[in-house]
Amino acid sequence: MIKVVVTGAAGRMGREVVRAVSRTPGMTVAGAVDLGHNGEDAGSHAGIGPLGVVVRPDLVNVLEETRAEVMVDFTTASAAVQNIRDAIECRVRPVVGTTGIPPEELQELGRLSREKGVGGVIAPNFAIGAVLMMHFAGIAARYLPAAEVIELHHNQKIDAPSGTALKTAEIIAANRGDATSEDGTQVVKLDGARGGTLSDIRIHSIRLPGLVAHQEVIFGGLGQTLSIRHDSISRESFMPGVIMGIKKVMELREIVFGLDKLIF
Ligand code: NAD
C-alpha cells in the first residue's frame, strides 16, 4: 500500500487527488496538508465522506508521522518549492503538478533529488491527452514551422501563460530547428495584441469562467492550417496521470520533468 500525503489537499486539484487516491487499489491517503480548512476531514472536504485524515498545516511533521512514501503537491509555485525540498529531505518522493516554478528552482530541485537519490515527478500537465497534444505538436513543427499557441483556462488561474503552453513552445522550437515564421505586423495598436513570445513562438492566454484547461496549437503552411487541440473538461482528466506518477515514482532515483518521460 503506497502511503500518499496530499499537499494543497483543500484546494480544487488537491480535493480531486484525495478522491482519486482513496479509490485506487494499492494506495492510500495517509496525510493531508493545507494552510486552510485545518482540522477538517480531508475526505469530507473532498465530498467522499470521512477518511479519518485531518487537514493540517505542518508538512514535515505529517511526512514523518505518517511514514509517507509519496507527496502529491498541487499548491502554489512559492509553496511547492519548499514542500518539495522538505519531502526530499524526509526521503518522500514528490509528485508535483503545481505550475509556475521558475526553471532555476526546478534545476536546483533536480540536483537535490539526484544528490539524495530520491525519485520524483514534476509535470506541468498530468492530462494524458495534453501530453499527446504536445507530442503531436513536436511532429507537426518539423513540417509546418509557423505556429502559435492559444491556451484557455478558468479565471482563477494565477499564472499566465500556462506551464503547458511554455512547454509546448519549447517543443515546437526544438523541432523546427532554424526555421522561423514570418510576421508582417508593423504596428501593434494594443499592447499584448500579439501575445507573449518564447523562442519566437507567440503564446496567447485566455481566462474566463466556465473554462477548465484547454489549448490549441495552430500551424500555418502554404494554403493550409493544422489545429491540434486538447480540452480538459473536468479536473478528473488529470487523475490517471497523477495515479501513474504515484506508481512510477516508486522506481525513480531522481526527479523527472514531464509526464511524457513516463509515457514515451
Ligand atoms: P487552489 O488555489 O484551488 O488550491 C491550492 C491550495 O494550496 C489551496 O487550498 C491553498 O490553501 C494550498 N496551499 C497554499 N500554500 C500551501 C502550503 N505552503 N502548504 C500547503 N498547502 C498550501 O489551486 P488549484 O486550482 O488546485 O491549482 C493548484 C496548482 O496546480 C496550480 O499551480 C495550478 O496551475 C496547478 N495545476 C496543475 C495541473 C497539472 O496537470 N499539472 C492541472 C491543474 C492545475
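Basis for what follows: all heavy atoms, side chains included, without hydrogens, waters or symmetry-related copies. Counting convention: from 1, in listed order, for ligands and their atoms alike.
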Q: Output the list of atoms in ligand 1 that are nearer than 4.0 Å to some heavy atom of T99, sorted by atom number.
A: 32 (O), 33 (C), 34 (O)
Q: Enumerate the atoms of ligand 1 whose separation from the nearest heavy atom of M13 is less than 4.0 angstrom.
A: 26 (O), 42 (C), 43 (C), 44 (C)
Q: If we count only N and O atoms by modelled type, under 3.5 Å, do the side chains of E254 and S113 hold a donor and an acceptor together?
A: no
Q: Does the T98 side chain pair with the main chain of T75, one donor and one acceptor, at a distance under 3.5 Å?
A: yes
Q: Throw together a table of side-chain donor-acceptor distances under 3.5 angstrom for residues 138-145, partners on residues two or more places apart or in other chains.
A:
unit_1 : atom_1 : unit_2 : atom_2 : d
R142   : NE     : N175   : OD1    : 3.4

Q: Please could you name the atoms of ligand 1 that A123 approaches to less than 4.0 Å, counting only its heavy atoms?
A: 41 (N)
Q: Return the residue, atom name and 0.1 Å-rounded distance of the protein heavy atom closest to atom 10 (C) of ligand 1.
A: D34 OD1, 3.4 Å
Q: At a 4.0 Å threshold, what atoms of ligand 1 neighbour a non-hydrogen atom of N125?
A: 39 (C), 40 (O), 41 (N)
Q: Counting only heavy atoms from other residues, nucleotides and ligands, does the tally under 6.0 Å from CD1 of I233 exceed 12?
A: no
Q: Starting from atom 2 (O) of ligand 1, find the nearest protein heavy-atom neighbour and note its residue, name and distance.
A: R12 NH2, 3.7 Å
Q: If you have a sec, work out which protein heavy atom is nearest atom 31 (C) of ligand 1 and how many Å separate them, to one decimal?
A: T75 O, 3.7 Å
Q: Measure the spacing between CE of M13 and CZ of F238 and express it to the nearest 0.5 Å.
A: 5.0 Å
Q: Against heavy atoms of A79, which atoms of ligand 1 measure under 4.0 Å?
A: 15 (N), 16 (C), 17 (C), 18 (N)
Q: Tell me, please: is L35 in heavy-atom contact with ligand 1, that is, under 4.0 Å?
A: yes
Q: Evaluate side-chain hydrogen bond (donor to acceptor under 3.5 Å, both in side chains) for T168 paired with Q215, printing each intermediate quantity in order.
A: CA-CA 10 Å; T168 306; Q215 181 167 291; 2.9 Å; yes
Q: So, does R194 use its side chain to make a donor-acceptor pair with the main chain of R202 at under 3.5 Å?
A: no
Q: Which residue and atom name correspond to the protein heavy atom nearest atom 40 (O) of ligand 1, and how close is it?
A: F126 N, 2.7 Å
Q: How far is atom 36 (N) of ligand 1 from the closest protein heavy atom, and which atom is that?
A: G97 O, 3.8 Å
Q: Which part of F74 is near ligand 1, with near meaning a heavy atom under 4.0 Å away: side chain, backbone, both or neither?
A: both
Q: Does the H45 side chain pair with the main chain of A10, one donor and one acceptor, at a distance under 3.5 Å?
A: yes
Q: Which ligand 1 atoms are under 4.0 Å away from a heavy-atom of K157?
A: 34 (O)
Q: What protein heavy atom sits nearest atom 39 (C) of ligand 1, and how far off is it?
A: P124 O, 3.4 Å
Q: If the cut-off is 4.0 Å to any non-hydrogen atom of A10, which atoms of ligand 1 fall inside it?
A: 9 (O)
Q: For ligand 1 and G11, I'd like to know whether there is a polar contact (N/O to N/O, distance under 3.5 Å).
A: yes
